[in-house]
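Fair warning: this is a prediction, and the values are worked out from it, not measured in the lab. These numbers come from the heavy atoms of this one structure, side chains and all, not from hydrogens, waters or symmetry mates. In each ligand, atom 1 is the first atom listed, and ligand 1 is the first ligand listed. The first residue of the sequence shown is numbered 1, and numbering continues consecutively from there.
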Amino acid sequence: MPITDALLDVANLGVGYGRGTTALRGVSLSVPEGTVVSLLGSNGAGKSTLLRAICGTLPLHGGMVRSGHVAFDGLRTDSWSPARIVEAGVRLVPEGRRIFAGMTVEENLLIGGLRGAGRRSRRKRIAELYSTFPVLERKRQQRAVLLSGGEQQMLAIGRGLMSGPRLLLLDEPSLGLAPTMIAQVADVIGRIAEQGMAILLVEQNASMALRLAERVIVLRTGEAVFTGTADELRTDDALHRAYFGAAQAAVSGASA
Ligand code: ATP
């Protein structure tokens, strides 16, 4: 299958772990620059597996691509090392934020920009980031542990941006956040996409995913059961009821 001109192109992807488990079957998606694409799915649907395939980390988990391809910027990357994929411009902001709690906001950002950037360009990137995330500038000297959950998530995203990626993979950025915080994080993600970033947003929280995304893919037990626009998903009654019942419960159970 030819590679499309979208920045990220996943086509007919099949992934397995060991000899037995098939975790993804025939999954296709593409993420053009300046676009948010959301990947929805409940536990075990295959979201982490897809992220691993894009980041080149499947072998670390005993998994392998069995069919199809992953391509970034026109080149097949499914046999590349994770380091080469990062170098090419792909950055994962993992679930659970993983910021350095004892360090200040600014120190966390500086660490995110260590790869391949001089002191001056890191300072320039931080200045650009502060204009997208004014809250991080206000709290630049505060230790990260003192930030709210939403601010910590913004810091994790900001740190991901410090290495100058072209594709940002966001793994459940709404996890554990109250609805008001989710709205703020969503706002920032939307602004980053407007600046030209390609974003793959992996979520269980359907309301956030639909609000931001131009296209949505719903995975269920390793297969894409829906691919289309957010509006099309909202009007797909059966899928809406089957998926959104559980997702809305997850939203109302979230805390700050
Ligand atoms: P969650 O939100 O719970 O992390 P997910 O949508 O990310 O779920 P995956 O973690 O990708 O789903 O799992 C997809 C399938 O692959 C599941 O059946 C899971 O048990 C299996 N799986 C995931 N990782 C491994 C592994 N390292 N070895 C074997 N099977 C795995």
Next on the checklist: To the closest 0.5 Å, what do you measure between CG (Leu51) and OG1 (Thr57)?
Outcome noted: 8.0 Å
Checklist entry - Against heavy atoms of Ala45, which atoms of ligand 1 measure under 4.0 Å? => result 5 (P), 6 (O), 12 (O)
Checklist entry - Of all the non-hydrogen atoms in the protein, which one sits nearest to atom 17 (C) of ligand 1, and at what distance? => result Gly44 O, 3.9 Å
Checklist entry - Going by the atom numbers of ligand 1, which of them fall below 4.0 Å from some non-hydrogen atom of Ser42? => result 6 (O)
Item to check | Exercise: identify the closest heavy-atom pair between Ala144 and Asn108 | outcome: CB-ND2, 3.7 Å
Item to check | Joint cluster assignment, Val145 & Leu109, ILVMFWY side-chain distance < 4.5 Å | outcome: no
Checklist entry - Do Ile111 and Met162 have side chains that get closer than 4.5 Å, going by heavy atoms? => result no
Checklist entry - For ligand 1, which atoms have a heavy atom of Ser48 less than 4.0 angstrom away? => result 4 (O), 5 (P), 7 (O), 10 (O), 11 (O)
Next on the checklist: Could you tell me, atom by atom, which parts of ligand 1 come under 4.0 Å of a heavy atom of Ala23?
Outcome noted: 15 (C), 16 (O)
Next on the checklist: I need the atoms of ligand 1 closer than 4.0 Å to a non-hydrogen atom of Thr49, numbered in the order shown.
Outcome noted: 9 (P), 11 (O), 13 (O), 14 (C)
Checklist entry - How far is atom 12 (O) of ligand 1 from its nearest protein heavy atom, and which residue and atom is that? => result Gly46 N, 3.1 Å
Checklist entry - Are Asn12 and His69 linked by a side-chain donor-acceptor pair shorter than 3.5 Å? => result no
Checklist entry - Which ligand 1 atoms does Lys47 reach within 4.0 Å, using its non-hydrogen atoms? => result 2 (O), 5 (P), 6 (O), 7 (O), 8 (O), 11 (O), 12 (O)
Checklist entry - So does Arg98 have more than 12 non-hydrogen atoms from other groups sitting under 6.0 Å from CZ? => result no
Next on the checklist: If I take atom CG from residue Asp171 and atom OG from residue Ser48, how far apart are they, to the nearest 0.5 angstrom?
Outcome noted: 5.5 Å
Checklist outcome for this item: For Gln204, the atoms of ligand 1 under 4.0 Å from one of its heavy atoms are 2 (O)
Item to check | Residue, atom name and distance, where the atom is the protein heavy atom closest to atom 26 (C) of ligand 1 | outcome: Tyr17 CD2, 3.4 Å
Checklist outcome for this item: Ranked by distance from atom 27 (N) of ligand 1, the top protein heavy atom is His61 O, 3.0 Å
Next on the checklist: Under the criterion salt bridge (Lys or Arg N to Asp or Glu O under 4.0 Å), I'd like the reasoning laid out for Glu106 against Arg123: C-alpha separation, chi angles, the key distance, then a yes or no.
Outcome noted: CA-CA 10 Å; Glu106 193 148 300; Arg123 284 282 158 207; 2.8 Å; yes
Checklist entry - So which protein heavy atom does atom 24 (N) of ligand 1 come closest to, and at what separation? => result Arg52 NH1, 3.2 Å
Next on the checklist: Using 0.5 Å steps for rounding, measure from the CD1 atom of Ile157 to the OG1 atom of Thr132.
Outcome noted: 11.0 Å
Next on the checklist: Yes or no, since that's all I need: does a protein heavy atom fall within a distance strictly under 4.0 Å of atom 20 (O) of ligand 1?
Outcome noted: no
Next on the checklist: Asn43 versus ligand 1: do any nitrogen or oxygen atoms come within less than 3.5 Å of each other?
Outcome noted: yes
